[in-house]
Amino acid sequence: MNRTFTPQIRDLALRLLAFEAGAGIPSGRAAARVSEKLGRPLSTLVGGAGYRSLLSRALALGSTERGWLKAVHVNASGALEGFDDAEAQVSKVEATEGGAIIITNLLGLLVTFTGEAFTLCVVQDAWPKEAFDDCDDMGKNI
Amino acid sequence: MSKQNKIPANKSPKTVNQSAKVKIRQQPTGVRGLDEIMGGGLPEFSFNIIAGSPGCGKTTLAHQIVFANATPQRPALYFTILGEPALKMLRYQQQYSFFDVSKLNKSIRFINLTDVVLEKDLGGVLEEITREVHASNPSMVVVDSFRSVTRRVFGQGSEMELQTFVQRLALLLSSWEATTFLIGEYTDGELRDNPVFTVADGLLWLTQNTERNSVVRKLQIMKLRGQESVPGLHTIRITGDGLQAFSRTQGMARKKARPIRRRRLSIGIPELDNMMGGGILEGDSVLVSGPSGTGKSALATQFLAAGLRNGESGIAAIFEERPQGYVDRARSFGLDLDTPQKEGKLELLYLRPLDLSVDETMQEILDGVRRLNAKRLVIDSLVGFEMALAPSFRVDFRESLYRMIAALTGEGVTILTTVEIEDTFTSFEFSHYTISFLTDDIVRLRYVEIDGQLRKMIVVVKMRGGNHSKDIREYVITDKGLVVIDPRHTDYVQLTTGIPERIGQSPAEAAPEPKAKVKR
């Protein structure tokens with residue numbers, strides 16, 4: 001199933017990726033860092049298995065949009081693995097888009113299950129120094 | 001007692017001991033009606049169990065309590081373990097109005113311990129809980145589901161390990177001044193010899209029973225140390241606002257003593273007022289019984305209208321007729337029920353769901369009475385009321401009526417209840433329910449056959465507060481409502497059988513309502 005999340009969710013995903021991206025950091029690694037950071041509060045909330053299920057689902061959804069993401073997988077500790085090798089096979093733009101798709105799907109799933117306000121609580125918990133008050137209405141038209 | 005230990009003569013030992021006693025503060029449950037059932041609220045720092053079968057509202061109850069109490073300064077920790085996946089629990093619980101997302105993280109922290117339970121022993125679970133408690137200084141802690149923990153331990157055959165764990169957990173959480181709730185799916189048979197229940201200060205037992213097509217949820221405080229709770233099974237209902245509890249003794253504790261001199265209230269039918277010694281005594285419960293079509297609802301409407309004319313607000317709890325029908329009939333008697341409704345002086349409560357409990361009904365009525373400061377209440381009728389109840393409540397209908405009427409008259413309200421009975425020609429019943437002991441006054445309506453007409457008669461059977469007319473009077477229902485007509489010149493006996501016998505000479509007397517004439 002290919003689903004589209006709102007532009008606001010994608011904007012939030014891009015923002016989180018920007019926080020973790022830096023000079024010389026591959027897109028995949030930034031996506032892995034974002035998922036790892038989100039994974040901390042999420043694992044506390046829903047357990048390690050619960051978080052792994054969500055991330056796996058986000059990855060599966062992403063793979064339907066970008067086939068090369070099939071080479072990426074979620075390991076036992078809930079981390080994204082295989083991104084570095086997979087993104088080496090595609091362009092930099094495509095690699096960045098792949099990372100954005102996974103994080104957008106992960107956030108979108110959270111909004112679908114627990115709502116916008118709850119999702120923002122999780123994001124705020126993961127990036128306590130950042131402000132996310134401008135992310136209203138990201139759950140509309142999922 | 002040694003000389004040094006003697007208490008000075010000006011200080012009584014009782015005074016010293018009383019002031020030294022610890023006072024257990026109470027926390028609100030956030031559940032309407034539950035504080036009263038618990039004897040004021042949750043005992044602070046108590047170690048409680050919320051138990052029951054699946055689907056009876058354990059998790060919702062815990063959430064409601066937590067959301068009502070958690071603050072950023074004294075947050076709540078909500079540990080989830082196995083059982084319902086946390087993601088789904090959070091999804092569903094958000095649908096309740098009490099679930100305030102802004103409290104998450106700051107005031108309420110949800111922590112999933114599934115991995116810890118699966119990977120470590122109970123010592124590891126306790127270690128993790130201890131770590132979180134030390135870090136957050138919570139005022140409340142919930143473990144949901146605790147049964148998952150115990151199942152795992154029993155699976156390994158170590159009851160002693162469980163007992164030690166529960167005691168250490170209780171000690172930890174009490175020492176850290178946290179009020180605690182362990183949630184678990186238990187059955188009645190598991191109550192005995194269970195170390196968890198032994199350690200607990202409070203045990204809230206929730207049940208869900210199905211009878212025929214209705215489902216009724218109930219709550220029982222099986223154990224509560226330190227304060228007096230209301231015993232018995234209390235109905236609970238789960239709505240979009242969460243749980244609401246209905247105390248089975250609601251209102252009885254607040255019962256006011258009746259004043260020595262009570263006013264007489266007009267029933268709205270002057271001749272019936274005279275028959276009742278000047279009217280109904282304020283705060284009385286009056287039962288109006290009679291077969292279908294005898295004008296019970298008309299009489300009830302006149303009673304309400306008389307109150308409204310006198311500035312007394314009223315409530316009509318109607319179970320058989322729709323409110324518009326009530327208003328329309330009143331209009332046909334020249335009584336306006338629309339205006340007082342708009343002015344907030346009258347409410348017609350239409351209560352017809354088929355799985356109501358008496359306690360819920362009582363709560364609805366009590367709320368209405370308090371909202372309007374109502375002085376008069378009509379319950380029309382008991383038969384309809386009984387039909388609106390879930391089957392399991394019909395069994396205890398008489399006891400429930402007793403509680404309800406006591407609670408309502410305790411509010412100082414004058415109640416007029418109607419009940420439909422079938423006229424027989426061998427007896428003179430007042431009600432099917434043998435509830436005359438609940439009522440102060442009884443007015444009986446019935447049909448009698450006189451001169452080829454089915455006429456109506458009224459009699460005041462009982463008035464607890466004073467003398468009343470013993471006359472059996474004839475009445476008619478006109479465009480003025482129920483009107484008691486002048487006493488007849490003709491004497492009859494055996495009127496109560498419905499087939500009276502004319503005695504003595506009788507002058508020619510016109511029928512109260514025209515008879516059909518023979519066409520020539």
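Each chain gets a letter, A, B and so on, in the order its sequence line appears, and its residues count up from 1. All figures in this text were calculated on a predicted structure; none of them were measured in a lab. What's counted below: heavy atoms across the whole structure, side chains too, no hydrogens, waters or symmetry copies.
Among the candidates Ala49(A), Gly50(A), Pro41(A), Gly48(A), the residue making the largest number of heavy-atom pairs closer than 4.5 Å to chain B is Gly48(A). Chosen from Ile111(B), Leu87(B), Leu113(B), Val101(B), the residue pairing most often with chain A at heavy-atom distances under 4.5 Å is Leu87(B).
Heavy atoms of Leu54(A) lying under 4.5 Å from chain B belong exclusively to its side chain. Interface remark: Leu90(B) contributes side-chain atoms only to the contact with chain A (heavy atom separation under 4.5 Å).
Other residues, nucleotides and ligands place more than 12 heavy atoms under 6.0 Å from the CZ atom of Phe197(B).
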For residues 78-85 of chain A, run the donor-acceptor check on the side chains, cut-off 3.5 Å, and write out each pair with its distance to 0.1 Å, sequence neighbours left out.
| unit_1 | atom_1 | unit_2 | atom_2 | d |
| --- | --- | --- | --- | --- |
| Glu81(A) | OE1 | His73(A) | NE2 | 3.0 |
| Glu81(A) | OE2 | Asn75(A) | ND2 | 2.9 |
| Asp84(A) | OD2 | Arg29(A) | NH2 | 2.9 |

Cross-interface N/O pairs, chain A with chain B, donor-acceptor, under 3.5 angstrom:
| unit_1 | atom_1 | unit_2 | atom_2 | d |
| --- | --- | --- | --- | --- |
| Thr44(A) | O | Asn112(B) | N | 2.3 |
| Gly48(A) | N | Asp115(B) | OD2 | 2.9 |
| Thr112(A) | O | Arg91(B) | NH1 | 2.6 |
| Phe113(A) | O | Arg91(B) | NH1 | 3.3 |
| Thr114(A) | O | Gln94(B) | NE2 | 2.3 |
| Cys121(A) | O | Asn105(B) | ND2 | 3.1 |

